[in-house]
Amino acid sequence: MANYYLDNTDLKHHLTHPLMKRIVELKERNFEEKDKFDYAPVDFEDAMDSYDKVLEIVGEISGDIVAPNAEDVDHEGPQVINGHVEYASGTKVNLDALVKAGLMGITLPRKYNGLNFPIVPYVMAADIVSRADAGFVNIWGLQDCAETINEFAVEEQKSRYLPRVSAGETMAMDLTEPDAGSDLQAVMLKASYSEKDKCWHLNGVKRFITNGDGQISLVLARSEDGTRDGRGLSMFIYDRNDGGVTVRRIENKMGIKGSPTCELVFKNAKAEICGDRKMGLIKYVMALMNGARLGIAAQSVGISEAAYREGLAYAKERRQFGKAIIEFPAVYEMLALMKAKLDASRSLLYETSRFVDIYKTLMHISDERKLEPEERNEMKKYQRLADAFTPIVKGISSEFCNQNAYDSVQIHGGSGFMKDYACERIYRDARITSIYEGTTQLQIVAAIRHVTTGNYLNQIREYEKEPINPELYNLRNKLTVMTDLYEKAVIKVVETKDNEYIDFHARRMVEMAAHIIMGYLLLNDATRASSFRRSAEVYTNFAQSEVRKHAQFIETFDVENLADYRSY
């Protein structure tokens, strides 16, 4: 089978981005652990070599084990036995292979037996595993919940829990409830402190919990009596070894069927508080969700990759009217756009990951020592960029993932509707990406303030200044025109000072910004590697039509036109 890292040179391109020098420098604290841990790198080249070798192992396991198991796992699925989850047999094999290879706790510090990798190579590993089986990444990839413990828990908790994650124990985040989906302020799972047991007890029900029977869970619960909003919620750590939680059922889902989505019943389940009381939703869930959204973006890109490759392979093999269907313009146009969307979303994924890496690492350093003024400014800059880019990468990459999966099935024709072909499973798996961890509509809500405050426009202007190859100037000129259209549209909408009108156009304005940003990222990719030239051309033309469409709609739409939509 193929190695899913080595057969995709685009991954190495993103791994070797110039900003990785700064990321590694920060993450390794100038390589101060090289004498303490025999696997700590001694310099930048050594660190990059470690990332490369680990990703090669991820690629090998994904190609040789996870991908071949995907169809059987989809068919078998997990089941509930005596109140707990039993994974599909293929899932057990997958997890065992990755655990034995030391691929848990990838981003955790070495003192907790982690690899101390930056976010970029971890996200890349998730991208690779998602291509092999999008459902399985929901089990293996939830190790990133450990980052919340590492960020907010006390040292004693970190020392107990984080080495267990590095050793292979699985995690979950228990947030949603039957009456609290996107509106997490409505969470009512009860947390009561027992003076007798000197611990907290959790009682209630959680629903739609991914990998809900994980060995270590982060649970959002109501710790303050008489409250009904986010100020009464705290974050708790639940250890499955303590008992008190049973799996009532596993949801029968459209896709990602190997991933157990559980309804959980808490009955006096012992738990310990993580961080400060009352900050569960206000602070900790926001950090947890941003990490999860980056993970779903990686999952979306992996699915897009799988969908594109399935469509391309079939188009080359399938013959109609005496020639391969890839020779027909209707098909090769579809494939070219699929590849452009894949490349654009992947570029946005790794740009966002780099922003998160620098901001998060500097934040951890600030806990160890006082930051220098330039470091504090750097942290603020990248925190702002991470906050701005996270909702668009989750929203756009998941939408592109669904579009690519749809087009892959379409290329297959009637065969794509049959379970004999992987694109049928990929199509079902793709659908959830634009729903969980915040729907695309909620990503727009999170992103719109970066439109109205000018954060996206300011970053686009920074991209305009970056040097590119002369043969790409015509594409940059197109992006400059798009930017002017975007700026004009934003001014028109924001100047109304009508919140409903701004919300009505929010999706259009966010999409315009995202298209322009991804266009510039592809220009930079094409400057560093000529292999991206084709996608830069195709995507810029696609973006141009989308931006013009939205700009024209906004230009001809006035506030009074809202009445036509309210009256549906």
Is a salt bridge present between Asp239 and Arg160, judged by a nitrogen-to-oxygen distance below 4.0 Å?
no

Between the side chains of Glu177 and Arg207, is the shortest nitrogen-to-carboxylate-oxygen separation below 4.0 Å, so that they form an ion pair?
no

Return the set of residues passing ring pair (Phe, Tyr, Trp, His ring centres under 6.0 Å) with His201 (not counting sequence neighbours), or none when no residue passes.
none

Test ring pair (Phe, Tyr, Trp, His ring centres under 6.0 Å) applied to Tyr193 - qualifying residues, sequence neighbours left out:
Trp200

Asn138 and Gln299: side chain to side chain donor-acceptor pair (under 3.5 Å), yes or no, with the steps?
CA-CA 9 Å; Asn138 282 351; Gln299 183 183 47; 3.2 Å; yes

Neighbour count >12 (heavy atoms, 6.0 Å) for atom OH, Tyr427
no

Applying ring pair (Phe, Tyr, Trp, His ring centres under 6.0 Å), which residue pairs with at least one partner in residues 260-282 are found, sequence neighbours left out?
none

Glu251: which of Lys253, Arg248, Arg249 passes salt bridge (charged side-chain N to carboxylate O under 4.0 Å, His left out):
Arg249

Counting neighbours of CE on Met254 that are heavy atoms of other residues, nucleotides or ligands and sit closer than 6.0 Å, is the number greater than 12?
no

Donor-acceptor pair between Glu399 and Thr440 side chains, under 3.5 angstrom
yes

Looking at Arg428, I'd like to know if its CZ atom is crowded, meaning that more than 12 non-hydrogen atoms belonging to other residues, nucleotides or ligands lie closer than 6.0 Å.
yes

Contacts of type side-chain hydrogen bond (donor to acceptor under 3.5 Å, both in side chains), residue Glu195, not counting sequence neighbours:
Lys198

Holding to side-chain hydrogen bond (donor to acceptor under 3.5 Å, both in side chains), I want the full list of residues that pass it with Lys270, two or more places apart in sequence or in another chain.
none

Checking Glu45 now: which residues fulfil side-chain hydrogen bond (donor to acceptor under 3.5 Å, both in side chains) with it, not counting sequence neighbours?
none

Side chain to side chain donor-acceptor pair (under 3.5 Å) pairs, two or more places apart, involving residues 60-70:
Asn69-Asn94

If you measure from the Lys or Arg side-chain nitrogens to the Asp or Glu carboxylate oxygens, is any gap between Glu224 and Arg231 under 4.0 Å?
no

Which residue pairs pass the side chain to side chain donor-acceptor pair (under 3.5 Å) test with at least one member in residues 355-366, sequence neighbours excluded?
Glu151-Lys360

Do the side-chain N and O atoms of Asn150 and Tyr112 include a donor-acceptor pair separated by under 3.5 angstrom?
no

Contacts of Asp179 meeting salt bridge (charged side-chain N to carboxylate O under 4.0 Å, His left out) (sequence neighbours excluded), chain-then-number -> none

Does CG belonging to Asn252 count more than 12 external heavy atoms closer than 6.0 Å?
no

Would you find more than 12 non-hydrogen atoms of other residues, nucleotides or ligands less than 6.0 Å from Arg29 atom CZ?
yes

Would you mind checking if Lys92 and Glu86 are paired as a salt bridge, meaning a charged N to carboxylate O distance below 4.0 Å?
yes

What residues, two or more places apart in sequence or in another chain, satisfy side-chain hydrogen bond (donor to acceptor under 3.5 Å, both in side chains) together with Glu351?
Arg354, Tyr463

Please determine whether a side-chain nitrogen of the Lys or Arg among Arg110 and Glu28 lies less than 4.0 Å from a carboxylate oxygen of the Asp or Glu.
yes

Please determine whether the number of non-hydrogen atoms from other residues, nucleotides or ligands lying under 6.0 Å from atom CG of Asn82 exceeds 12.
no

Who are the ring pair (Phe, Tyr, Trp, His ring centres under 6.0 Å) partners of Phe152, not counting sequence neighbours?
Tyr284

State whether Glu25 and Lys21 are salt-bridged, where the test is any N-O pair (Lys NZ or Arg NE/NH1/NH2 against Asp/Glu carboxylate O) under 4.0 Å.
no

For Tyr382, give me all partners under ring pair (Phe, Tyr, Trp, His ring centres under 6.0 Å), at least two apart in sequence or on another chain.
Phe355

Side-chain H-bond candidate by donor/acceptor type, Asn211 with Tyr87, under 3.5 Å
yes

